[in-house]
There are 2 protein chains.
Amino acid sequence: MLYAVFMSASVPPFPASQEPVGEAELLQLGPAGDEPCLRADAARNRAALLEAASRLIAEHGAAGVTMEAVAAAAKVGKGTVFRRFGDRTGLLMALLDHSARKLQADFLAGPPPLGPGAPPLERLRAFGVALLYRSAEQLDLQLAAQPEPTRRFVHPSAGALTTHVMVLLRQIVPDADCELLAQALLGYLDPALIHHLTRQRGIPLERLERGWVDLVARVTNTDQPTC
Amino acid sequence: MLYAVFMSASVPPFPASQEPVGEAELLQLGPAGDEPCLRADAARNRAALLEAASRLIAEHGAAGVTMEAVAAAAKVGKGTVFRRFGDRTGLLMALLDHSARKLQADFLAGPPPLGPGAPPLERLRAFGVALLYRSAEQLDLQLAAQPEPTRRFVHPSAGALTTHVMVLLRQIVPDADCELLAQALLGYLDPALIHHLTRQRGIPLERLERGWVDLVARVTNTDQPTC
DNA sequence: AATCAAACGGACCCCGGTCCGGATTTCTCA
DNA sequence: TGAGAAATCCGGACCGGGGTCCGTTTGATT
């Protein structure tokens, strides 16, 4: 099993199955552990499916992850894949879930400057940089996991990022419309944009990083950090 | 014929057909007139297809625009649709082309404050507002026409917007990394974001507009306009 | 009218997503 | 502990839509 996983789509396409996630707190990504209470066979199959999926990605890239192929590789029926993960996006998201949780744990309760303890402005800077590098690492998967436009912002994981940035912003610029500002900032960290800038326009990640720091400084009306 | 149209996908899936657009200038959206030099029957079919498509949209929403349905409604083979427009996205883009050109003409050569004549800062403000309202009007179509993430920024129309914002920014904040700043600003005007904020979170357009003006002020380190 | 590039059309393939009869597991109660 | 019932899960046939292919037709050119 290559990924510690958790499923997190929103609208269950199958009546009463699908792992529950609707109640996900704004800042808490669903139930804690890896395996929610599933029937034994279901749990086994899910693990097999995720392992198969990540193997397929390694072999043929994210594009080669076809639902049928995953099902076959896990020696499972196609319907099982959809029941468990809702749709293709759900499966891909599940593969990203591990790192999403890690990042979230880091900025919610990890050591400064990402976690609490550092001043908000520093945390915001660190947050962007962290997200930037994380996205860059898993860029292919991030792009493939991108849901259709109308669902891009509803996913709990996305909501958690938004909320966190919003909370930080409120401490830095209490008089601004932090909800909108947060979205503007997060737009800069969108995987699709990162892909375009780095892979299509050849801009190095370091420049994007400087760009983030600068953007934060401008948006918050603060000075660049002194280093 | 409901839309003055022009095709603008990038990679022709059919060998030597597909309307040429590779040479599109950064600030000039492909050849001028509506109808590039096509064979008579081809031109006729294209018009029929676009009319059929926009009728289908009016009747069944953007989701009802299936390639087969469009072909049938235009009494044309399915292959013809793909030859002409490359893919579904291409067809939908073609429907948006008219308003895209109009907007571009407005900010390239129209009257101030959008067009040349006004100070760059004002033009930038006006640009965002214009784009905001245009996107809000055609939101469904804009969302449906969204290409897969890896192509979101390559389309000539998107490039034109970027370049324009960049040019304005260079006049306002010459020392900044205007390429990145432009992307950050444009991210705020992304149709998917507008959709989320207005339709899913219920934020009124006026607030988004104030958000834009504020964002511009922050990013450029200028004051809010006095009105 | 002969020629040839360009356009046409619809059969075809692939993949995401759905459905439901039947198999497994878990629960309940003796 | 074990049998029966209820809840859950499984699998693969099925559907619709996007995209491709290639033999055929049509319109421009000389």
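Note that this is a predicted model, so its numbers are computed, not measured. Letters A, B, ... mirror the listed sequences (proteins, then strands); counts begin at 1.
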Check the distance between [N]'s [atom2] and [X]'s [atom1] and give it to me in whole angstrom.
X         : N       : atom1 : atom2 : answer
Phe82(A)  : dG12(D) : CZ    : P     : 15 Å
Asp87(A)  : dC15(C) : CG    : P     : 17 Å
Arg88(A)  : dT18(C) : CZ    : P     : 15 Å
Leu91(A)  : dC15(C) : CG    : C1'   : 14 Å
Arg151(A) : dG16(C) : CZ    : C1'   : 14 Å

| Nucleic acid contacts of residues 65-78 of chain A, taken as heavy-atom distances under 4.0 Å to DNA chain D | Val76(A), Gly77(A), Lys78(A)
Under 4.0 Å between a side-chain N/O of [X] and OP1 or OP2 of [N], yes or no?
X        : N       : result
Thr80(B) : dA7(C)  : no
Arg83(A) : dC19(C) : no
Asn45(B) : dC8(C)  : yes

Between the protein and nucleotides 26-30 of chain D, which nitrogen or oxygen pairs are less than 3.5 angstrom apart?
unit_1	atom_1	unit_2	atom_2	d
dT26(D)	O2	Arg39(B)	NH1	3.2
dT26(D)	O2	Arg39(B)	NH2	3.1

| Thr198(B): side-chain contact (heavy atoms from CB on, under 4.5 Å) partners, not counting sequence neighbours | Leu139(B), Ile194(B), Leu205(B), Leu208(B)
| request: Sort and list the pairs that fulfil salt bridge (charged side-chain N to carboxylate O under 4.0 Å, His left out) and have at least one residue in residues 181-198 of chain B, not counting sequence neighbours. | output: Arg152(A)-Asp190(B)
| request: Keeping to residues at least two apart or across chains, list the salt bridge (charged side-chain N to carboxylate O under 4.0 Å, His left out) pairs with something in residues 135-150 of chain A. | output: Asp140(A)-Arg199(A), Glu148(A)-Arg151(A)
| query | So which pairs with a foot in residues 125-136 of chain B pass side chain to side chain donor-acceptor pair (under 3.5 Å), sequence neighbours left out? | reply | Ser99(B)-Arg134(B), Tyr133(B)-Glu209(B)
| Qualifying residues under ring pair (Phe, Tyr, Trp, His ring centres under 6.0 Å), relative to His196(A), sequence neighbours excluded | Phe153(B)
| field | ring pair (Phe, Tyr, Trp, His ring centres under 6.0 Å) partners for Tyr188(B), two or more places apart | value | none
| Is the side chain of Arg123(A) donor-acceptor paired with the backbone N or O of Phe107(A) at a distance under 3.5 Å, no angle test? | yes
| message | Looking at Asp177(A), is its backbone amide N or carbonyl O close enough to the side chain of Arg170(A) to form a donor-acceptor pair, meaning the two atoms are under 3.5 Å apart? | response | no
| All side-chain hydrogen bond (donor to acceptor under 3.5 Å, both in side chains) counterparts of Glu179(A), not counting sequence neighbours | Arg201(B), Arg207(B)
